[in-house]
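Here is the structure we will look at, set down as structure tokens.
Predicted, not measured: the structure shown is a model, and the values here were computed from it.
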Amino acid sequence: MQGETPDSLLALHAAGYREVRDRMGVGRFLDVGCGLGDESVGFTAVDRFVVGVDYDPETAATAVVNHGAAGLRTECADGSMLGLRSDSFDNVCSSHLIEHFTEPQNHVREVARVLGPDGAAFFLTPNEPADFENPYHVYLFDASSLRTMLERYFAEVEIFGLEGNETVLDDFATRRAMADKMLRLDPFGLRHKLPRRAFVWLHATGRRVAYRFTNTGQTGGASGITEADLSIGPEDEITDQTLVLFAVCRKPLI
């Protein structure tokens with residue numbers, strides 16, 4: 001949401017892409033779930049061929065309009081049925097996408113299929129214990145279940161935790177408290193009995209209202225939070241407060 005998304009959430013996504021850049025090489029790069037390409041374009045370079053994939057045709061087209069001059073190319077496709085040749089990319093990124101699939105194994109299998117034998121795939125997804133209620137997040141993982149899923153399709157899997165400092169954690173705690181207050185308006189959980197389309201509309205509308213009227217100190221740089229306030233840590237230090245799981249996968253089994 002332009003100008004209304006909390007700084008901490010923007011920083012979290014930017015920090016995840018930073019960790020991908022720190023670990024990737026040159027060659028052909030695929031960003032599955034690229035959206036408008038505002039982060040994908042950061043991977044473009046003279047020695048790198050960058051393709052973004054998005055499910056929505058208008059979004060994929062707009063990404064090229066905005067960033068095509070910088071070298072970004074896009075394809076409109078389902079992340080669980082990529083219309084791309086096998087073994088065709090040196091690096092593949094799936095940032096905050098796997099949790100949106102009711103059958104995420106199909107997405108993981110496709111990422112493994114299009115990745116070259118010597119390449120690396122990167123998966124970023126919310127850590128289940130730290131996530132907010134979100135109707136778009138239909139399949140959440142903790143570190144153990146994410147490893148189990150990924151090891152079905154990759155011979156080598158490393159799991160890390162993307163950790164926020166005290167300022168970031170305080171910001172997320174404030175947002176979570178605000179969300180809890182809104183959920184108390186529905187003490188009987190009636191929202192879960194609505195048709196899915198109605199539940200999604202209710203959530204999106206409530207989030208827009210909350211962002212617009214309560215996030216004045218958390219958006220537009222007012223909080224001072226940037227990607228520098230988030231760092232990567234090893235799997236054995238992941239806790240319920242770890243915000244995001246970051247996986248590096250090699251040697252596809254497909």
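Using a 4.5 Å heavy-atom cutoff, the side chains of Asn91 and Leu30 are not in contact. Between Arg48 and Met24, the closest side-chain pair of non-hydrogen atoms falls below 4.5 Å. Side-chain contact check for Gln241 versus Leu169: some heavy-atom pair is nearer than 4.5 Å. Proximity of Leu12 to Leu243: side-chain heavy atoms (C-beta onward) are separated by under 4.5 Å at one or more points. In this structure the side chain of Phe132 reaches within 4.5 angstrom of the side chain of Arg176, judged on heavy atoms. You'll find the side chain of Val244 reaches within 4.5 Å of the side chain of His96, heavy atoms only. Between Ile232 and Phe246, the closest side-chain pair of non-hydrogen atoms falls below 4.5 Å. At a threshold of 4.5 Å between non-hydrogen side-chain atoms, the residues Phe89 and Leu84 count as touching.
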List, one per line, each side-chain donor-acceptor pair under 3.5 Å for residues 121-130, sequence neighbours excluded.
{"from": "Thr125", "atom 1": "OG1", "to": "Glu99", "atom 2": "OE1", "distance (Å)": "2.8"}
{"from": "Asn127", "atom 1": "ND2", "to": "Thr239", "atom 2": "O", "distance (Å)": "3.0"}
{"from": "Asn127", "atom 1": "ND2", "to": "Thr242", "atom 2": "O", "distance (Å)": "2.9"}

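Under the salt bridge (charged side-chain N to carboxylate O under 4.0 Å, His left out) criterion, Glu39 pairs with no residue at all, not counting sequence neighbours. Applying the salt bridge (charged side-chain N to carboxylate O under 4.0 Å, His left out) rule to Arg109 yields no partners; only residues at least two apart in sequence or on another chain are considered. For Glu103, there are no salt bridge (charged side-chain N to carboxylate O under 4.0 Å, His left out) partners at least two apart in sequence or on another chain. Residues satisfying the side chain to side chain donor-acceptor pair (under 3.5 Å) test with Asp87, not counting sequence neighbours, are none. Looking at residues two or more places apart in sequence or on another chain, you find a side chain to side chain contact (heavy atoms under 4.5 Å, CB included) between Val138 and Thr102, Arg196. Partners of Glu158 according to the salt bridge (charged side-chain N to carboxylate O under 4.0 Å, His left out) rule, which considers only residues two or more places apart in sequence or in another chain, do not exist here. A search for side chain to side chain donor-acceptor pair (under 3.5 Å) contacts involving Asn165 returns Asp229, not counting sequence neighbours. Judged as a side chain to side chain contact (heavy atoms under 4.5 Å, CB included), and not counting sequence neighbours, the contacts of Ala63 are Leu72, Thr74.
Residue pairs meeting the salt bridge (Lys or Arg N to Asp or Glu O under 4.0 Å) criterion with at least one partner in residues 138-151, sequence neighbours excluded, are Arg147-Glu151, Arg147-Glu235. Screening residues 18-65 for ring pair (Phe, Tyr, Trp, His ring centres under 6.0 Å), with sequence neighbours left out, gives Tyr17-Phe43, Phe29-Phe43. The list of salt bridge (Lys or Arg N to Asp or Glu O under 4.0 Å) pairs with a residue in residues 50-78, not counting sequence neighbours, is empty.
In this structure a side-chain-to-backbone donor-acceptor pair under 3.5 Å is missing from Arg18 to His13. Between the Thr148 side chain and the Ser144 main chain, a donor and an acceptor come within less than 3.5 Å of each other.
Atom OH of Tyr139 has 12 or fewer neighbouring heavy atoms from other residues, nucleotides or ligands inside a 6.0 Å radius.
Atoms OG and CG, from Ser8 and Leu10 in turn, are 8.0 Å apart once rounded to the nearest 0.5 Å. Residue Leu146 holds its CG atom at 7.5 Å from SG of Cys249, rounded to the nearest 0.5 Å.
When every heavy atom of Pro252 is checked against every heavy atom of Ala112, the shortest pair comes out as CB-O, 3.4 Å. A pairwise comparison of heavy atoms in Ile238 and Glu163 identifies CA-OE2, 4.2 Å as the closest pair.
The aromatic rings of His100 and Tyr136 are tilted relative to each other, their planes meeting at an angle between 30° and 60°.
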